Each structure stands twice: as structure tokens, then as C-alpha cells.
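Naming convention: chains lettered A, B, ... in sequence-line order (proteins, then strands); numbering from 1 in each chain. Just so you know, these numbers come straight off a predicted model, no measurement behind them.
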Amino acid sequence: MNSSRTLELELPARSENLTLVRQVLGGVAEAEGWTAALLMDIRLAVTEACSNVVAHAYPSAPNGLIRVSVIAYPHQITVSVRDSGIGIVPRMNACPRGLGLGLQLIVALTTEVRIQSVPDESTDVTMIFTSPQTAVPQ
Amino acid sequence: VKRRWVTLAVQAGPTADAVVARLAGAVAAQAGLPIDRVRSVSILVDTLVGELSTDRISARFTPGPGTIEVALGPLMVGEGQRILRVKVLPDRRSREDDTNDAIWVDTERDSMSTICLRIGRT
């Protein structure tokens, strides 16, 4: 996290704060010259990851936090969404509060996604995006 | 007690210029400040960010009922007093001033000096 273009945001895990995350991403996009399409993908994926924290990470801890870090390289953007909640709990049945499409959406919007979860300790969702102008031609 | 504040750490420069004031405005709007006061928050925070000489800015945004407090740092020695002389900033120079708007230097928070701005609804 020593990149000169690193940003770290920490905020209470409440749904009304998702707009703050989106505002920050808009500011980074302005500074870094991201395309509107790239910003839209990043905002959607990061909002989805943060929504998961709000909905699932802290079922009995009202003061839970979301930590979002952004590292902007010239050709690549890495965004991590972390929490200190219950971890990702394997579901035996379908979740009653959602369709379970969030992770699929994140996978579809990112170049790469890594998920690390420790039960009753933390979850870290790291999303890597590649700027379309700099993508390697196939 | 629910934690309310939001913290941001960002490298000084274009990203900080684009993000810190924008986030302050968004938190101010969330706190229920009217649009002209939200604009004031953004302008004043933008001014403060421009005055800081640190390489990496730490910011804390605390919304209250109809008010927002923003703390920016870390400050170099003497920097706080220099910033307090910037003309566009509020006149009140103490946290204890019973006013909507105030600015002061806090030397005790998070073991670093910060410049703190409070903007209220009116």
C-alpha cells in the first residue's frame, strides 16, 4: 500500500454511506482520467461488494466498518473492500434476502477478483480492473 | 453509541484535490445541510487541502445534526497558525465558540495536529 496513488477510506457499514464510496470513486475517476464506462463498472462492482458488507458482515455489531482502498496504476486499478465481520458463511439454503447474484456481477465486471475470508474475523474482496485503452489486444 | 465519522487517507496532489472536498460535501449533505452550506463546506475544505504541505493527507469527517466537522492533517510545526490566517476561513477560532462555523487547530487528536473546521446549517 505504498503506491503514491493509493487512497484508503474507512466508514461505518451502513447503507446510507454507500453513496460516499461512490462519490470518492467519482473523484478518483476525475483525477485519474477514467472513462465513464470504466467508472460505471468500478462503481457497480464496488457498490455490490460494499452492499454485501452492509447486509451480511455484521449481523450483531452495529459499529462495523467498511474499509475501501484504491490503488490506481496507469494501466490497472485495484479496489479492495474489507470488513472485520463474520466472514463468508457457506449457505445451505438460498439466502432469503437476495438472489445471490452479487458475486457473479462482480466477477463479470472485473478483470480479476480475489476473495479471502476468515470466519468470525474478516473478509477481503479485491477487485482488479483494466483500463480499456490500455488492454492488451487479443 | 454508533460511530458516525468517516476517515480518508490519500496522497496529496490531484487525487486529494478531487476527492477530499467532494467527500466533505457529500457528508455535509448527508448531515442535512442546505445546498449553499454544502457548497461552502466544499470550497473551504478545498482551500484547506491546498494549504496543507504534508505528502499524505488524513481526513476525518464527522456529521452531526445539521453540522459537519472536518479534521485535516497532519500539520507541520507552525502550519496551523499560518492556515488560520487565511482570509476566507471562518472568524471563530475555537471549538468551544458557540457558533455554527468555526475553525481551530487540534493538537491532541490521533497523536497528530489537525486543522478542524465546523460548518453548521446557518
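- Closest non-hydrogen pair, E30(A) versus A18(B), comes out as OE2-CB, 4.0 Å.
- Residues Q30(B) and L20(A) have side chains in contact (heavy-atom distance under 4.5 Å, counting atoms from C-beta outward).
- In terms of hydrophobic clustering, with Ile, Leu, Val, Met, Phe, Trp and Tyr side chains grouped at heavy-atom distances under 4.5 Å, I68(B) and V105(B) are assigned to a common cluster.
- Other residues, nucleotides and ligands contribute at most 12 non-hydrogen atoms within 6.0 Å of the CE atom of M40(A).
- The minimum heavy-atom distance between P14(B) and A31(A), with the atom names listed, is O-CB, 3.6 Å.
- When hydrophobic clusters are built by joining Ile, Leu, Val, Met, Phe, Trp and Tyr residues whose side-chain heavy atoms come closer than 4.5 Å, directly or via intermediates, L72(B) is not grouped with M76(B).
- Residues Q23(A) and A26(B) share a closest heavy-atom pair of CG-CB, 3.8 Å.
- Expressed to the nearest 0.5 Å, how far OG1 of T7(B) lies from CG of L11(A) amounts to 8.0 Å.
- Closest heavy-atom contact between V28(A) and V19(B): N-CG2, 3.6 Å.
- Within a 6.0 Å radius of CD in E112(A), other residues, nucleotides and ligands contribute more than 12 heavy atoms.
- Residues V88(B) and V20(B) share a single hydrophobic cluster, defined by chaining ILVMFWY side chains whose heavy atoms lie under 4.5 Å apart.
- More than 12 heavy atoms of other residues, nucleotides or ligands lie within 6.0 Å of CZ in R82(B), so this atom counts as buried by the packing criterion.
- Hydrophobic clustering, with ILVMFWY side chains joined whenever heavy atoms are under 4.5 angstrom apart, keeps L109(A) apart from V81(A).
- Contacts of V27(B) with chain A are made by both backbone and side-chain atoms, with heavy-atom separations under 4.5 Å.
- One finds the OG1 atom of T15(B) at 4.5 Å from the CD atom of E32(A) (value rounded to the nearest 0.5 Å).
- With a 4.5 angstrom heavy-atom cutoff, R14(A) touches chain B only via side-chain atoms.
- There is no contact between L25(A) and chain B, counting heavy-atom distances below 4.5 Å.
- At a threshold of 4.5 Å between side-chain heavy atoms, the hydrophobic network of Ile, Leu, Val, Met, Phe, Trp and Tyr places L44(B) and L33(B) in one connected group.
- Considering only heavy atoms from C-beta on, R56(B) comes within 4.5 Å of T6(A) through its side chain.
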